[in-house]
Amino acid sequence: GVPAYDWWNEALHGVARAGQATVFPQAIGMAATFDTALMGEVANAISDEARAKHQEFLRHGMYGRYEGLTFWSPNINIFRDPRWGRGQETYGEDPFLTSRMGVTFVQGLQGEDPTYRKLDATAKHYAVHSGPESERHQFDVHPSERDLYETYLPAFQALVQEGKVDSVMGAYNRVDGESASASPRPLQEILRKDWGFHGYVVSDCDSVE
């Protein structure tokens, strides 16, 4: 008797695909403000709308895609390649700024109630993921250890340890020859063992296939 649940929705700059919602500036524009307090207000407003929409869907017995409480946001990839068509979803090329904006966004989405979450946020795309767009489903990236830990991982670590993000999404690409959605090193050794992540990992759309 438990209804089916579809995990997919987005809230990168407002509740997406679920009827009318407030549209806030894209993440890259919010990052340009360097204003974490403003980001917190925006994220809180987004999650208020998300909760209200979800409750209204439930009232009508609706349990479909885009009607749940799991949101695949924020995108905390480091925007290094302007050929990547989703760079506007990110907070830019600075790992520190990305960390600060991302943590605030997650806290605003998930709320601060010690017992009940407003919704589940998702840190994506883990890891070492950006353009070019045409290659993102197949490229194999080989970052140096220094670049991995100084550039690509800090924001994910901050969202896990400071933001207490509920979910992490694996990327499409390979990292050092292994699928980012199935590689023991990033998913087990770094994410769970080193950082103490206790949430759940999801793949990007069709990335396992």
Side-chain angles (χ1 to χ4, degrees), residues 7-12 27 30-31 36-37 39-40 42-44 46-47 50 68-80 86 89-130 141 143-176 178-205 207-208:
W7 294 81
W8 186 2
N9 206 347
E10 309 271 3
L12 292 160
M30 292 297 298
T36 53
M39 175 59 80
V42 167
N44 188 61
I46 291 172
S47 57
L69 285 174
T70 48
F71 287 83
W72 291 350
S73 307
N75 182 343
I76 54 169
N77 293 133
I78 300 302
F79 187 31
R80 278 185 159 179
R86 295 173 66 179
E89 294 182 2
T90 76
Y91 300 119
E93 74 264 20
D94 184 342
F96 178 76
L97 178 60
T98 297
S99 300
R100 302 281 50 87
M101 287 292 192
V103 166
T104 303
F105 191 76
V106 165
Q107 291 172 337
L109 287 186
Q110 296 185 167
E112 298 182 3
D113 190 288
T115 305
Y116 301 103
R117 291 195 299 265
K118 289 176 77 175
L119 52 85
D120 282 7
T122 304
K124 67 181 188 185
H125 309 82
Y126 183 69
V128 200
H129 183 77
S130 62
V141 62
S144 68
E145 286 295 284
R146 178 173 179 174
D147 208 18
L148 182 66
Y149 278 93
E150 290 187 358
T151 305
Y152 292 107
L153 294 184
F156 286 98
Q157 183 176 5
L159 265 63
V160 167
Q161 294 182 332
E162 295 179 54
K164 308 300 181 186
V165 70
D166 295 310
S167 174
V168 171
M169 177 185 287
Y172 284 119
N173 53 277
R174 295 176 186 272
V175 181
D176 292 325
E178 297 184 329
S179 168
S181 294
S183 176
R185 187 188 180 206
L187 296 178
Q188 296 295 332
E189 294 177 22
I190 297 175
L191 185 62
R192 296 202 183 278
K193 182 180 176 182
D194 296 346
W195 297 348
F197 180 63
H198 296 294
Y200 55 93
V201 174
V202 298
S203 70
D204 207 341
C205 298
S207 68
V208 172

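Remember, predicted model here, so these are calculated numbers, not experimental data.
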Are the side chains of [X] and [Y] in touch, meaning some heavy atoms are under 4.5 Å apart?
X	Y	result
P186	F156	no
V141	Y152	no
V202	S181	no
Y126	V160	no
H125	N173	no
S130	I78	no

Looking only at heavy atoms, what is the nearest atom pair of [X] and [Y], with distance?
X	Y	answer
A50	F71	CB-CZ, 3.6 Å
V103	A158	CG2-O, 3.6 Å
P143	V175	CD-CG1, 4.4 Å
Q110	A121	OE1-N, 3.2 Å
G102	P74	O-CG, 4.4 Å
T115	D113	N-OD1, 2.8 Å

Atom pair [atom1] ([X]) and [atom2] ([Y]), whose distance is rounded to the nearest 0.5 Å:
X	Y	atom1	atom2	result
T90	M101	OG1	CE	11.5 Å
L69	L109	CG	CG	11.5 Å
E89	S73	CD	OG	8.0 Å
D166	T122	CG	OG1	8.0 Å
I190	R185	CD1	CZ	4.5 Å
S207	M169	OG	CE	8.0 Å

Exercise. So does R86 have more than 12 non-hydrogen atoms from other groups sitting under 6.0 Å from CZ?
Worked result: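 Yes, because the 6.0 Å sphere around CZ of R86 holds more than 12 heavy atoms from other groups.
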(message) Take a 6.0 Å sphere around CD of Q157 and say whether it holds more than 12 heavy atoms from other residues, nucleotides or ligands.
(response)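 Atom CD in Q157 is crowded, with more than 12 foreign heavy atoms closer than 6.0 Å.
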Evaluate W195 against L153 for side chain to side chain contact (heavy atoms under 4.5 Å, CB included), listing each step before the verdict. CA-CA 11 Å; W195 297 348; L153 294 184; 4.0 Å; yes
query = Short question: side chain of Y91, backbone of F96 - any donor-acceptor pair under 3.5 Å?
reply =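 A pair under 3.5 Å: no.
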Exercise. Return yes if some donor-acceptor pair links the side-chain N/O of S47 with the main-chain N/O of G108 below 3.5 Å, else return no.
Key: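 Yes, because the side chain of S47 sits within donor-acceptor range (under 3.5 Å) of the backbone of G108.
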Review point. Any chance the side chains of N77 and H129 put a donor and an acceptor closer than 3.5 Å?
Key: no
Is the shortest side-chain N to carboxylate O distance from E162 to R100 below 4.0 Å?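 Answer for the salt bridge query: yes.
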